[in-house]
Amino acid sequence: MDRAGIELNGVWYRWPSRPIVVVCIDGGDPAYFERGVRDGIVPNVERFMKQGFGAVAEGNVPSFTCPNNMSIATGSPQSVHGISGNFYLDPDTGEAVVMTGPELLRTRTVMAEFSRHGARVASITAKDKLRRQLGKDMDLGAGSVNFSSECADECTLAEHGIENVLEFVGMPKPHMYSPKLSLFVLEAGLELLAERRPDILYLSLTDYIQHKYAPGEREADRYYRDLDERFGRFDALGAVVALTADHGMSDKSHVDGSPRVIWLQDVLDARFGKGSSTVICPITDRFVAHHGALGGFVRVYCHGGLDPENVRRVARGLAGVEAVHDKATAARLYDLPLDREGDVVVISRSDACIGAAEADHDLSGLEGHRLRSHGGVSESRVPFILNHPLRPEYAARAAAGPLRSYQIFDFAINGVDLP
Ligand SMILES: [Zn+2]
């Protein structure tokens, strides 16, 4: 077995001397931990921050789930791994394509690369949509696993490296829209850690609670208490525990509770004619009930000679818009793959979101809740917490900044000072 370590995307990762657990708290805005520490509901995380390391790092823009999970898991920016949204418009076909196929991912994950060098790794996600990219080229031979709680009852040794997961975890299959979908991921990770002692675990949760409840609300507090209790158990089992998030979360409603939406496709259709542009909301996935596919970042593709500059001029004049960029500028500013970028990028302020055509968004899933969502620059700040202090070299790097969330595997594997 090769115990030297691995190199991936310009980073050398030493061989872990104890299990590394990286948790991506989907939608885990730093405000939840700030409030949780103040209210005394996250004692383990509070201890990690005091005795280990705690900071707020920069995540990717667009602050969506797939781009940030892939950055964290590959230790690279979007320009390297290629996943710049949950959705993009295929320039060859003109079709909107979901960006979850492994063929779209341009590099391997830290877990996959370690597994190919003989390490035992585990990648467990709440939603199945991330699973195939996270496990791209993963070698399941040495007891590695790759599965989701969403499809926990369908696991096979051949595809997921594990079977009978419900029995293994001792929990029934959780409902798609419930905090249990995330807790199942953590329980499965704890069980694996205790039984198989993997070298690396990547655990990615779902943002169901954060979309619905603000920091300090009872349901959010309960969820964070539940998370914290499990983080404490990972720590007690001797793992290096690293906590981050894919994106934050902002309230995007009017005072009366109705969502503050810029219906950009309607604006552009009225101004330039139907069919002259396509607004793609890259937050879109199959699970839109809690945000109605409304986020803080959209891409506009121009057709039939529509000048992107005209789109930019109109977008800049809209209330609630924070920034408008042409393709090249957006790619440069946010380190995005140019070949998957739209002609125009429009980003909303934290208190507003951007949709396509009003008729195409179903907001009934909000069920009277205020709209909380993400996607813009304002939701790109995320926690960066480790349960052990940093070695001097890494402490200096963190202090010099900017600290990026996709450095968390580097910091967790190479950067902590272990007793
Ligand atoms: Zn997310």
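Atoms within each ligand, like the ligands themselves, are counted from 1 in listed order.
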Legend entry - Metal-centred angle, the Zn ion (ligand 1) as apex - OD1 of D26, OG1 of T65, 10° resolution: 140°
Legend entry - Any N, O or S atom of H247 closer than 2.8 Å to the Zn ion (ligand 1): yes
Legend entry - pair P389-Q51: side-chain heavy atoms closer than 4.5 Å: no
Legend entry - Name of whichever N/O/S atom of D246 is nearest to the Zn ion (ligand 1): OD2
Inset, instruction - Compare all side-chain heavy atoms of Q78 with those of S71 and state whether any distance is below 4.5 angstrom. - result: yes
Inset, instruction - With rounding to the nearest 0.5 Å, note down the distance linking CD1 in I283 to OG1 in T65. - result: 7.0 Å
Inset, instruction - Could you tell me how the ring of F64 sits relative to the ring of F297: parallel (under 30°), tilted (30 to 60°) or perpendicular (over 60°)? - result: perpendicular
